[in-house]
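Each remark here refers to the structure printed beneath this line.
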Amino acid sequence: MSWLSAGLAVLLGLVVTATAPHAAVAAADNPYQRGPDPTPASVAATRGPFATTQATVPAGNGFNGGFVYYPTDTSLGTWGAVAIVPGYSALFANEEAWMGPWLASFGFVVLGIETNSRTDGADARATQLLAGLDYLTRTSPVRSRVDPNRLSVMGHSAGGAGTLLAALRRPSLRTAVGLAPGTPGNNLNMSTTQVPTLLLSGQNDGTVTPSYVQGIYNTLPAGVEHAWAELAGNDHLSFTRSNPTEMRLLIPWLKIFLDYDTRYTQFLCPLSNSTGVSRYSSTCPLVPPGGPQSTP
């Protein structure tokens with residue numbers, strides 16, 4: 001019995017020795033992996049694992065100021081960042097500010113910009129989004145917290161169209177997210193994009209209709225990762241107020257393409273929770289191009 005006990009102890013020791021370093025190596029392979037292993041509950045939560053703060057951004061630097069939200073933790077290195085622009089005639093402060101602390105708490109620096117004119121078109125919004133990213137990484141007070149190689153853009157309506165145009169202009173972006181992207185008469189063609197793209201639309205949107213968004217989606221090249229989710233019962237303004245279904249899709253997408261964190265692919269490939277989603281298409285397995293990748 002004593003011999004058997006000793007043998008089991010040695011065997012267990014070998015198992016611990018063999019598995020513990022493997023887990024450490026998997027985490028070390030991706031220095032951008034942040035936070036605990038995700039679960040369906042954590043992805044659906046209104047706040048992530050990181051405490052956040054925010055600051056007001058003054059006008060200038062190519063756009064009309066805005067707000068920046070970011071994790072307070074300085075021990076984990078730099079963070080991926082996303083710049084967000086509102087739609088035609090809208091203010092970020094009124095329509096998208098709810099997203100700032102939510103996204104930042106999952107480990108991103110978030111810049112919400114106000115446009116130089118509330119009537120700026122999609123092209124001008126694209127220019128201002130890219131100016132916002134340049135400000136964020138070069139001269140902003142939080143530039144030391146931002147990884148200049150892990151940047152993304154997002155926008156709603158005309159801002160969503162501007163987001164897609166920004167991706168065409170700057171192929172080094174890690175991802176672009178269009179929320180009901182488009183303006184009447186502006187038929188976006190994304191056939192030359194090199195940026196992984198997520199499109200979110202509303203089933204009941206009469207302004208940027210599902211068929212319009214599908215038209216954009218159909219132009220995305222097969223060699224570039226992309227996805228489209230239609231949110232059941234949502235209209236054009238559903239993206240301008242707190243939207244848990246939107247965030248349940250958006251957070252895994254940003255984690256995959258900004259942090260190369262493939263622990264999150266389980267939520268999108270295939271779609272693990274279709275509640276509130278009336279249509280979904282993607283180019284699974286959604287492998288982020290370039291950079292380190294963690295083990296799912």
Side-chain angles (χ1 to χ4, degrees), residues 82 84-92 94-96 98-99 115 117-126 128-129 152-169 175-193 195-222 224-254 268 270-271 273-284 286:
V82 54
I84 306 174
V85 65
Y88 186 81
S89 79
L91 292 173
F92 173 87
N94 293 344
E95 298 194 353
E96 283 80 31
W98 62 271
M99 302 174 71
T115 51
S117 169
R118 292 175 69 169
T119 58
D120 282 340
D123 192 68
R125 289 169 195 270
Q128 292 168 63
L129 269 176
S152 62
V153 287
M154 178 163 53
H156 173 243
S157 194
T163 292
L164 300 183
L165 293 176
L168 291 173
R169 293 187 197 175
T175 187
V177 180
L179 308 174
T183 53
N186 185 4
N187 295 314
L188 291 164
N189 188 312
M190 299 300 294
S191 60
T192 61
T193 192
V195 178
T197 301
L198 172 64
L199 303 178
L200 298 178
S201 62
Q203 183 183 31
N204 297 336
D205 191 339
T207 303
V208 178
T209 62
S211 62
Y212 181 86
V213 177
Q214 183 173 16
I216 299 173
Y217 183 79
N218 290 344
T219 69
L220 289 163
V224 175
E225 300 283 25
H226 51 274
W228 169 36
E230 179 188 271
L231 306 191
N234 281 217
D235 59 21
H236 192 61
L237 297 180
S238 295
F239 300 99
T240 67
R241 46 188 180 262
S242 183
N243 193 323
T245 303
E246 171 190 344
M247 299 301 276
R248 196 178 72 234
L249 300 166
L250 180 57
I251 288 165
W253 183 271
L254 293 178
L268 300 179
L271 186 65
N273 184 352
S274 60
T275 303
V277 179
S278 49
R279 191 186 315 190
Y280 180 75
S281 299
S282 73
T283 53
C284 285
L286 298 179

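A 4.5 Å side-chain heavy-atom check between L231 and S238 finds every atom pair outside the cut-off. Residues P181 and L199 meet the side-chain proximity criterion, which asks for heavy atoms closer than 4.5 Å. Between W98 and N243, some side-chain heavy-atom pair lies under the 4.5 Å cut-off. With a 4.5 Å cut-off on side-chain heavy atoms, V177 and I84 do not count as touching. The side-chain heavy atoms of M99 and E246, taken from C-beta on, include a pair separated by under 4.5 Å. Contact annotation: the side chain of V277 approaches that of T245 to within less than 4.5 Å [non-hydrogen atoms, C-beta and beyond].
Taking CG of L198 as the reference point, atom OG1 of T163 lies at 11.0 Å (rounded to 0.5 Å). Separation of atoms CG (L271) and CZ (R248) is listed at 7.0 Å; rounding is to 0.5 Å. Between atom CG of residue L220 and atom CG of residue N189 there is a gap of 9.0 Å, rounded to the nearest 0.5 Å. Distance check, rounded to the nearest 0.5 Å: CG of L250 to CZ of F239 gives 10.5 Å. Note that CG of L168 is 5.0 Å distant from OG1 of T192, once rounded to the nearest 0.5 Å. Residue I216 holds its CD1 atom at 10.5 Å from OG of S211, rounded to the nearest 0.5 Å.
Minimum interatomic distance between M190 and P221 (heavy atoms only, all atoms of both residues): O-CD, 3.2 Å. When all heavy atoms of A167 and T193 are compared, the pair lying nearest together is CB-OG1, 4.2 Å. Residues A227 and S282 come closest through the heavy atom pair CB-CB, 3.7 Å. The two residues S201 and V213 have their closest heavy-atom pair at CB-CG2, 3.7 Å. Taking each heavy atom of V195 and V224 in turn, the nearest pair found is O-CG1, 3.4 Å. Taking every heavy atom of both residues into account, E96 and P86 meet most closely at OE1-CB, 3.2 Å.
Remark: side-chain polar atoms of D120 are paired, donor with acceptor, to backbone N or O of S117 under 3.5 angstrom. Judged purely by atom type and a 3.5 angstrom limit, Y280 uses its side chain to pair as donor or acceptor with the backbone of L268. Under the 3.5 Å distance criterion, the side-chain polar atoms of T175 are left unmatched by any main-chain donor or acceptor of S152. Looking at N234, its side chain does come within 3.5 Å of a backbone N or O of A232 through a donor-acceptor pair.
Of the N and O atoms on the side chains of H236 and S157, at least one donor lies less than 3.5 Å from an acceptor on the other residue.
For R118, the salt bridge (charged side-chain N to carboxylate O under 4.0 Å, His left out) test picks out no residue, with sequence neighbours left out. H226 meets the side-chain hydrogen bond (donor to acceptor under 3.5 Å, both in side chains) test with no other residue; sequence neighbours excluded. With sequence neighbours left out, E230 forms a salt bridge (charged side-chain N to carboxylate O under 4.0 Å, His left out) with R279.
Under the side chain to side chain contact (heavy atoms under 4.5 Å, CB included) test applied with H156, the options T240, V208, L200 reduce to a single match, T240.
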T197 and L164: CA distance, side-chain angles, deciding distance, side chain to side chain contact (heavy atoms under 4.5 Å, CB included) verdict: CA-CA 8 Å; T197 301; L164 300 183; 3.8 Å; yes

